[in-house]
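The structure displayed is predicted, hence computed values, not measured ones. By convention in this document, chain letters (A, B, ...) are assigned in the order of the sequence lines, proteins followed by strands, and residues within each chain are numbered from 1.
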Protein chains: 2
Amino acid sequence: MGITERRERERENLRATILEAARELMSEGGMDALSMRAIAKRIEYSPGTIYLYFRDKDDLIRSLVSEAMNFLLRYMRRALAEAGPDATPAQQHRATGYAYVRFAMENTAHFRVMFDIPGVAQMVDCPEPSEHESMPDHESFEFVTELLRRAVAAGELDVPEPRHGALVAWGLLHGLISLYLSGHLAHVVENAEQFEGLVDAAMDSLYRGWLPREDPFAGAGTALVKEEAS
Amino acid sequence: MGITERRERERENLRATILEAARELMSEGGMDALSMRAIAKRIEYSPGTIYLYFRDKDDLIRSLVSEAMNFLLRYMRRALAEAGPDATPAQQHRATGYAYVRFAMENTAHFRVMFDIPGVAQMVDCPEPSEHESMPDHESFEFVTELLRRAVAAGELDVPEPRHGALVAWGLLHGLISLYLSGHLAHVVENAEQFEGLVDAAMDSLYRGWLPREDPFAGAGTALVKEEAS
DNA sequence: GGCGGTTGCTGAACGGTGTTAAGTTGTTGG
DNA sequence: CCAACAACTTAACACCGTTCAGCAACCGCC
């Protein structure tokens, strides 16, 4: 059965080659440069060949996103490892946040294909059953939530609802990155360093809101800024 | 000179008609449905005609974005008016935040064209000199910053750097909306009401971090969660 | 009144896109 | 040895943004 195995291997090989070419094109020229014909030309195959390995362009992008998700996960794991074994849960959470930002800065094209394309989330979430391994999208999210939960258990933070808290932190960083990458902050933050400062300030604001209070009555102050009219 | 004026009026009229058709197509079928040919068919003109009123598809989109920006601004002004004349600055700030979210929910297509398309910010920022009235993009941003500054002046909030603070609030809401609209929160927040709850929680976290503290030493706790290794 | 020039618009074309179906190889198994 | 199959190509289809020659209808002017 060595022959059929070699066939299988070669088949997987071409599939990987296609994905690699797609990844390169995306990184080099953005999403516009990612066309089926361009991929075909780069790997020196006919455009039709790609459709023997991917049902769709969407299918191909789905694989690209899945790849990028795993890549992001590695960023976060590495940040966790670099934070050291005696880092507190809150420190670990902050480290994963920075990893998210760093991933977006160092792999802008991947970040964009993950989050800019409408409907890509549904695509990755529900592939045809057993098509490919499911995405680590909310796997990593659950992981971050767990960090927050541990920080609460340790008395380090006071997050009313860790699930919400994780979402808030994610949204905060994601929004800042998104606005920065799309150029809407061009008039406010001029370069990457300034943006890092902004991220720092954002995290400070967030964690300061989550600090446990000695004064048991201090929490009531929140109502101050709550809107009364719906 | 009534004739040339009528000509001018008719010209502007067709321009407006084109924009209206584009707006409708965008709202109905998303960004994919917004093609020059589809616009032409809808207004019953030849595709080439559009190029007599807009240099580019980008130019057309730029106008669409400019429109949407003004629309968003109206949302925020209205929210401010509805908040009442005796609303505190912080309450006003929160109201504009909700207006931002409401705008995104009720005009998803407009929101997308404003923020999803790469490079649209630069397009709107620097149109050819005196092409059209400049965008209210960071006009509204400056306005929100001012609200925050006033809240600080009134002793209602303690925001170290209002400019950063406004960005953080913007990023937080924008990120949550962006993630929600792209479907990445589908597994965590199931419907619009849950999302509103999430927005509430996010705002609570944010403002809680900005509450002024009686205890002058409490602020030092922020360092607790700051990462030491770079 | 007729005429040159301008204006507003058309329709076809060009090169690009994703996608598919028929056709062409080369290999393999009975 | 030949039928079946797999991998791949080729050519087409329908769409896209964009351009440009041409064509009526109208303008001011002689």
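For the pair A/M36 CE and D/dC13 P, the computed distance is 21 Å after rounding to whole Å. Protein atom CG of B/D32 is 13 Å distant from nucleotide atom C1' of C/dT17, rounded to whole Å. B/I18 has its CD1 atom 9 Å from the P atom of C/dC9, to the nearest Å. For the pair B/R55 CZ and D/dT18 P, the interatomic distance rounds to 11 Å; values are reported in whole Å. Between the CD1 atom of B/I50 and the C1' atom of C/dT10 there is a distance of 13 Å, given to the nearest Å. Atom CD1 of B/I39 and atom P of D/dT18 are 11 Å apart (whole Å). Computed from coordinates, the B/L52 CG to C/dC9 P distance equals 7 Å when rounded to whole Å. Straight-line distance from the CG atom of A/L25 to the C1' atom of C/dT17: 15 Å, rounded to whole Å.
Residue A/E44 places its CD atom among 12 or fewer non-hydrogen atoms of other residues, nucleotides or ligands, all under 6.0 Å distant. A/R77 CZ: 12 or fewer foreign heavy atoms inside a 6.0 Å radius.
Comparing B/A33 and B/G48 by the nucleotide of DNA chain D that holds the closest heavy atom to each, the one mapping nearer the 5' end is B/A33.
Among the nucleotides C/dT19, D/dG17, D/dT10, the one closest to any side-chain atom of A/Y51 is C/dT19. The listed nucleotides are D/dC8, D/dG17, C/dG18; the one nearest the side chain of A/S35 is C/dG18. Each of C/dC9, D/dT9, D/dG17 was ranked by its minimum atom distance to the side chain of B/K57; first place goes to D/dG17. Looking at the side chain of A/R37, the nearest of the listed nucleotides D/dG17, C/dG11, C/dT17 is C/dT17. Distances were taken from every side-chain heavy atom of A/L14 (C-beta onward) to each of C/dT19, D/dC8, C/dG11; the shortest belongs to D/dC8.
When heavy atoms are screened at a 4.0 angstrom cut-off, B/L34 is found touching the sugar-phosphate backbone but no base atom. B/T49 comes within 4.0 angstrom of a nucleotide base, judged by non-hydrogen atoms across all strands.
The aromatic rings of B/W170 and B/F141 are tilted relative to each other, their planes meeting at an angle between 30° and 60°.
Partners of B/Y75 under the side-chain hydrogen bond (donor to acceptor under 3.5 Å, both in side chains) rule, at least two apart in sequence or in another chain, are B/E106, B/N107.
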- Begin with the C-alpha distance, continue with both residues' side-chain angles, and end with the deciding distance and a verdict on salt bridge (charged side-chain N to carboxylate O under 4.0 Å, His left out) for B/R149 and B/E146. CA-CA 5 Å; B/R149 230 186 303 262; B/E146 181 56 28; 3.5 Å; yes

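B/Y53 has a side-chain polar atom (N or O) that falls below the 4.0 Å cut-off from OP1 or OP2 of C/dC9.
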